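What follows is a set of notes on a single structure, which appears directly below.
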Amino acid sequence: MSANEATRVFPTPTDLIHNRGLIADPAAFARDAGAASWLYLCGEEFDSMQGGMSYADVQAAVPESANLIADPPREFDMDVARRGIAALDDLPRPTLVTCRTGPRSSALIYLYAGLRAGASADQVLSRAEADSAPFVEAAPLRAWVAQGLE
């Protein structure tokens, strides 16, 4: 299957939004996206870092949220995938999914959308490449998405 065929078969996820860098103003980020909910993938230590934010910032920005702590140095493994999928099943749309700068959140979004669409790893990775999803530049995250789709 060509990259063109793969991207036609698996569309860009539209009701799940990931970040592409640090979020300067969580309330504005949520408002601009029209978000009904937010899945936040960072732990408390991110709040104390330059450019960081807290889960309390997330909670103040949207009506519903969940915190799945999966930022470095924690492993981003299939347990994170299972818990992330379960959280996304429960959150209303549109849903923000954010990590520190976007690679892990985008990987979770494409994995989730691919699973729900019954798409293959090739289809999901082709679409993610076409969309310039942040995770496509990280081989371990590409492998994580492919593993999750198997």
Side-chain angles (χ1 to χ4, degrees), residues 6-7 9-23 26-49 52-150:
T7 56
V9 174
F10 177 69
T12 300
T14 57
D15 62 349
L16 299 168
I17 301 117
H18 61 84
N19 56 317
R20 292 180 178 270
L22 295 172
I23 298 167
F29 185 69
R31 186 177 50 254
D32 292 349
S37 64
W38 195 326
L39 176 57
Y40 188 56
L41 302 178
C42 296
E44 291 179 23
E45 66 276 5
F46 185 50
D47 183 34
S48 64
M49 296 178 182
M53 65 182 200
S54 69
Y55 182 54
D57 294 330
V58 167
Q59 291 174 302
V62 291
E64 288 191 48
S65 63
N67 190 200
L68 170 58
I69 301 172
D71 55 345
R74 295 165 188 90
E75 290 292 318
F76 202 66
D77 56 17
M78 286 298 107
D79 182 55
V80 169
R82 282 186 286 279
R83 291 185 295 136
I85 289 163
L88 289 172
D89 279 343
D90 290 340
L91 291 169
R93 301 294 189 263
T95 303
L96 300 173
V97 181
T98 66
C99 58
R100 291 179 186 181
T101 59
R104 287 179 177 214
S105 59
S106 65
L108 180 56
I109 283 174
Y110 281 82
L111 172 60
Y112 180 86
L115 286 169
R116 293 299 172 253
S120 71
D122 285 343
Q123 291 169 321
V124 171
L125 293 172
S126 291
R127 169 51 65 192
E129 288 169 357
D131 295 344
S132 299
F135 83 90
V136 299
E137 300 299 322
L141 291 176
R142 291 175 66 91
W144 183 84
V145 170
Q147 180 185 359
L149 290 165
E150 289 177 0

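Note that this is a predicted model, so its numbers are computed, not measured.
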Looking only at heavy atoms, what is the nearest atom pair of [X] and [Y], with distance?
X: Phe135; Y: Val145; result: CE1-CG2, 3.7 Å
X: Ser106; Y: Pro103; result: OG-O, 3.0 Å
X: Val136; Y: Ala128; result: CG1-CB, 3.5 Å
X: Pro13; Y: Ala113; result: CG-CB, 3.6 Å
X: Asn67; Y: Cys42; result: ND2-O, 3.0 Å

With a 4.5 Å limit on heavy-atom distance, are the side chains of [X] and [Y] in contact?
X: Met53; Y: Thr98; answer: yes
X: Leu141; Y: Arg104; answer: yes
X: Ser120; Y: Leu149; answer: no
X: Trp144; Y: Leu108; answer: yes

message: Between Glu137 and Arg20, does any NZ, NE, NH1 or NH2 come within less than 4.0 Å of an OD or OE carboxylate oxygen?
response: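 Salt bridge: no.
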field: Side chains of Thr95 and Ser37, donor plus acceptor under 3.5 Å
entry: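 The criterion, which ignores hydrogens and geometry beyond distance, is satisfied for Ser37 and Thr95.
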- prompt: Side-chain donor-acceptor pair under 3.5 Å between Asp89 and Tyr112, yes or no?
  reply: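 Result is yes, a qualifying pair exists.
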